[in-house]
Visitor: 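Pasting a structure below so you can have a look.
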2 protein chains.
Amino acid sequence: MDVIPDFQPLYKQVYDVLVRRIAEGAWLPAQSLPSEQALAAELRVSQGTVRKALDALAAENLVQRHQGKGTYVAEHTQEHALFRFFRLAKPNTDGERVTPESSTARCKRRLATAAEAGKLHLPKSTNVIEIRRIRLIEGVPAVSERIVVPLKLFPELDHQPALPNTLYSLYQSVYGISISVAKEELSAVISNKSDEKELGIKPGTPLLKVDRVAIAIGGQRAELRVSRCDTRNVVYAIDVN
Amino acid sequence: MDVIPDFQPLYKQVYDVLVRRIAEGAWLPAQSLPSEQALAAELRVSQGTVRKALDALAAENLVQRHQGKGTYVAEHTQEHALFRFFRLAKPNTDGERVTPESSTARCKRRLATAAEAGKLHLPKSTNVIEIRRIRLIEGVPAVSERIVVPLKLFPELDHQPALPNTLYSLYQSVYGISISVAKEELSAVISNKSDEKELGIKPGTPLLKVDRVAIAIGGQRAELRVSRCDTRNVVYAIDVN
DNA sequence: AAGTGGTCTAGACCACCAA
DNA sequence: TGGTGGTCTAGACCACTTA
């Protein structure tokens with residue numbers, strides 16, 4: 001049993017214990033946590049305090065709660081992960097998402113550049129895997145992706161039989177790494193030769209460039225991803241509040 | 001005193017009552033709400049139920065709570081509104097925002113186009129005010145904005161002595177309209193003649209186009225805004241989670 | 001019928017703030 | 001010193017799921 005150190009509010013301490021256990025894989029995705037009563041008894045706090053911690057976990061999408069059933073570790077199913085992190089939508093539809101397909105990916109191993117190492121908070125010249133693929137929307141190439149992950153976190157990722165449409169479900173199911181947040185920086189660029197070949201677009205097409213750093217539950221920076229999107233038929237949709 | 005109709009959870013009903021009162025201006029921005037105890041007594045529910053409703057309001061930025069002081073209606077101060085809705089940041093700084101200046105604006109009255117009326121949920125050919133201005137970042141023109149608001153919601157907005165850098169604080173303080181969420185659609189475009197003249201950029205520069213619909217507390221669609229951003233020195237930064 | 005989370009209440013103590 | 005929100009507890013009842 002964990003002995004809860006003092007300092008912070010009880011519910012926050014409970015929250016931290018639960019985050020750590022989930023990050024360590026004590027309960028795997030799609031499995032249920034103990035009931036509120038059981039956790040309260042184990043951690044020697046009241047059920048209300050456990051509830052507050054669980055509600056906070058649910059608010060951050062780390063768990064899902066279902067009345068009458070229990071509390072489950074959030075699972076990055078294909079659809080779920082897609083709708084969370086793939087934000088392309090049809091214009092003027094209040095953000096109705098489109099579902100992409102992925103072309104077969106090309107992988108290679110190399111050393112991280114200084115910029116990549118910096119963004120991933122890794123030492124210079126770390127071994128990484130680079131994945132390149134094209135995503136199609138309604139059959140038309142629309143996004144080229146260049147993904148960089150540390151080899152150490154994802155050994156043999158480049159030798160996986162088939163990479164799924166949503167890599168994050170693979171990260172979670174095979175490597176036990178759950179992506180919880182992503183920091184993105186968007187800018188507009190002009191297509192280069194490579195874009196034009198991959199996406200079948202004319203020279204000089206404007207593209208939406210999305211630089212993403214994906215961060216796992218424990219705070220580990222797990223992935224770098226640069227997407228270059230042809231936004232003639234789709235837009236990047238978000239709600240600010 | 002409001003009589004709370006049945007149906008929904010109590011705390012949700014309390015939440016709705018409070019939202020309505022805030023939207024109606026029962027408590028003005030920066031004013032404090034009654035204490036939890038007072039609200040509980042008035043609405044005939046327990047303090048815990050009021051607390052749950054207030055916490056929900058705080059989570060949505062409609063109120064701010066301060067231990068020992070009270071609960072205050074959120075105020076769209078210049079800085080606050082800026083950091084909430086102006087998402088341009090320096091690249092690779094973990095989203096550290098930049099503060100823009102605004103050029104003097106040009107206003108005109110006209111009829112809404114069909115597309116504008118549709119996005120604002122207004123009948124066709126409604127009277128609107130169109131505002132155009134340039135925003136400078138570190139003294140350099142970086143964003144051109146075209147803002148469209150219904151004349152009915154903002155009478156004489158075009159005759160205001162000076163439009164502030166953040167219009168949303170004006171909407172709130174003068175017209176009692178608090179913007180709570182904004183739906184944005186981002187895409188990449190090539191600059192046109194007008195962009196090139198306003199922003200002082202070369203022909204063919206890629207721009208980040210941001211289409212925004214701003215929605216007020218009651219759900220009223222209050223503003224349409226199209227921003228065209230030169231993203232050579234800044235990026236649009238967000239956290240997805 | 002038993003077990004789960006969802007809601008609601010009541011009361012206690014604390015930390016913080018202002019007069 | 002009195003009032004506020006922040007935390008924590010304990011217990012009740014309900015709605016839902018599963019067996």
Side-chain angles (χ1 to χ4, degrees), chain A residues 1-19 21-22 27-75, chain B residues 1-19 21-22 27-75:
Chain A
M1 180 201 317
D2 298 61
V3 173
I4 300 179
D6 282 9
F7 308 112
Q8 292 195 301
L10 254 190
Y11 75 88
K12 173 63 172 152
Q13 300 175 40
V14 172
Y15 172 93
D16 288 338
V17 167
L18 296 178
V19 166
R21 289 193 187 173
I22 291 173
W27 307 294
L28 298 181
Q31 288 184 350
S32 72
L33 272 62
S35 72
E36 295 180 352
Q37 292 289 1
L39 286 170
E42 183 205 339
L43 299 173
R44 315 267 192 173
V45 299
S46 80
Q47 188 207 14
T49 300
V50 170
R51 173 173 300 247
K52 190 156 182 179
L54 288 174
D55 284 345
L57 288 171
E60 300 184 20
N61 272 307
L62 293 187
V63 302
Q64 294 181 328
R65 316 194 72 196
H66 300 286
Q67 182 173 157
K69 294 177 68 179
T71 301
Y72 295 80
V73 179
E75 194 182 9
Chain B
M1 179 202 319
D2 299 63
V3 173
I4 299 180
D6 283 10
F7 311 113
Q8 291 194 301
L10 254 189
Y11 76 88
K12 173 63 172 151
Q13 300 175 41
V14 172
Y15 172 93
D16 288 338
V17 166
L18 296 178
V19 167
R21 288 193 187 173
I22 292 173
W27 305 294
L28 297 181
Q31 288 184 348
S32 72
L33 273 62
S35 72
E36 297 180 349
Q37 292 290 1
L39 285 170
E42 184 205 337
L43 299 173
R44 315 267 193 174
V45 299
S46 79
Q47 188 208 15
T49 300
V50 170
R51 173 172 299 244
K52 188 155 183 179
L54 288 175
D55 284 345
L57 288 171
E60 300 184 19
N61 272 308
L62 292 188
V63 302
Q64 294 182 328
R65 317 194 71 199
H66 300 285
Q67 182 173 153
K69 294 178 68 179
T71 301
Y72 295 80
V73 179
E75 195 182 8

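Each chain gets a letter, A, B and so on, in the order its sequence line appears, and its residues count up from 1.
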Visitor: How far does OG1 of B:Thr71 sit from CG of B:Leu39, to the nearest 0.5 angstrom?
Guide: 8.0 Å

Visitor: Are the side chains of A:Val50 and A:Tyr15 in contact, using a 4.5 Å heavy-atom criterion?
Guide: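 Of all side-chain heavy-atom pairs linking A:Val50 with A:Tyr15, none is under 4.5 Å.
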
Visitor: Contact list please: residues 54-69 of chain B against DNA chain C, heavy atoms, distance less than 4.0 Å, in numerical order.
Guide: B:Gln67, B:Gly68, B:Lys69

Visitor: Kindly write out the residues that satisfy side chain to side chain donor-acceptor pair (under 3.5 Å) with A:Gln47, not counting sequence neighbours, or none if the list is empty.
Guide: A:Glu36

Visitor: For the helix from C:dA1-D:dT18 to C:dA18-D:dT1, what angle separates the axis at the start from the axis at the finish, each from five pairs, in steps of 10°?
Guide: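 The angle separating the two end axes equals 10°.
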
Visitor: Knowing that exactly one of A:Val14, A:Val63, A:Leu57 qualifies, which makes a side-chain contact (heavy atoms from CB on, under 4.5 Å) with A:Val19?
Guide: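 Option passing the side-chain contact (heavy atoms from CB on, under 4.5 Å) with A:Val19: A:Leu57.
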
Visitor: Could you state the OH-P distance from A:Tyr72 to D:dT17, rounded to the nearest angstrom?
Guide: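 The distance from OH of A:Tyr72 to P of D:dT17 comes to 11 Å, rounded to the nearest Å.
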
Visitor: Provide the closest heavy-atom pair for A:Trp27 versus A:Val73 in the form atom of the first, atom of the second, distance.
Guide: O-CG2, 3.7 Å

Visitor: Would you say a side-chain N or O of A:Thr71 is under 4.0 Å from OP1 or OP2 of C:dG5?
Guide: yes

Visitor: Going through the checks in order, is the side chain to side chain contact (heavy atoms under 4.5 Å, CB included) test met by A:Gln31 and A:Leu28?
Guide: CA-CA 5 Å; A:Gln31 288 184 350; A:Leu28 298 181; 3.8 Å; yes

Visitor: Is any side-chain heavy atom of B:Tyr72 closer than 4.5 Å to a side-chain heavy atom of B:Leu33?
Guide: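 They are not in contact (no side-chain heavy atoms under 4.5 Å apart), so the answer is no.
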
Visitor: Do A:Gln13 and A:Val17 come close enough that some side-chain heavy atom pair is under 4.5 Å?
Guide: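 No, side chains not in contact.
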
Visitor: If I compare all heavy atoms of B:Pro29 with all of B:Ala74, which pair ends up nearest, and what's the gap?
Guide: CB-O, 3.9 Å

Visitor: State which residues pass salt bridge (Lys or Arg N to Asp or Glu O under 4.0 Å) with A:Lys12; sequence neighbours excluded, sorted by chain then number.
Guide: A:Asp16

Visitor: Could you tell me the separation between the CZ atom of B:Arg51 and the CD atom of B:Gln37, rounded to the nearest 0.5 Å?
Guide: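 The CZ atom of B:Arg51 sits 9.0 Å away from the CD atom of B:Gln37.
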
Visitor: Distances under 3.5 Å only, N/O to N/O: pair up the protein atoms with those of nucleotides 7-9 of chain D.
Guide:
unit_1, atom_1, unit_2, atom_2, d
D:dT7, OP1, A:Tyr11, OH, 3.3
D:dT7, OP2, A:Lys52, NZ, 3.4
D:dC8, OP1, A:Leu10, N, 2.2
D:dC8, OP2, A:Leu10, N, 3.1
D:dC8, OP2, A:Tyr11, N, 3.1
D:dT9, OP2, A:Ser46, N, 3.0
D:dT9, OP2, A:Ser46, OG, 3.0
D:dT9, OP2, A:Thr49, OG1, 2.4

Visitor: Please give me every residue in residues 29-38 of chain B whose heavy atoms get under 4.0 Å of an atom in DNA chain C, ordered by residue number.
Guide: none

Visitor: Would you give the length of the straight line joining atom NZ of A:Lys52 to atom OG of A:Ser46, rounded to the nearest 0.5 angstrom?
Guide: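 It comes to 11.0 Å.
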
Visitor: Out of curiosity, A:Arg65 CZ to A:Gln67 CD, how far, rounded to the nearest 0.5 Å?
Guide: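 It comes to 10.5 Å.
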
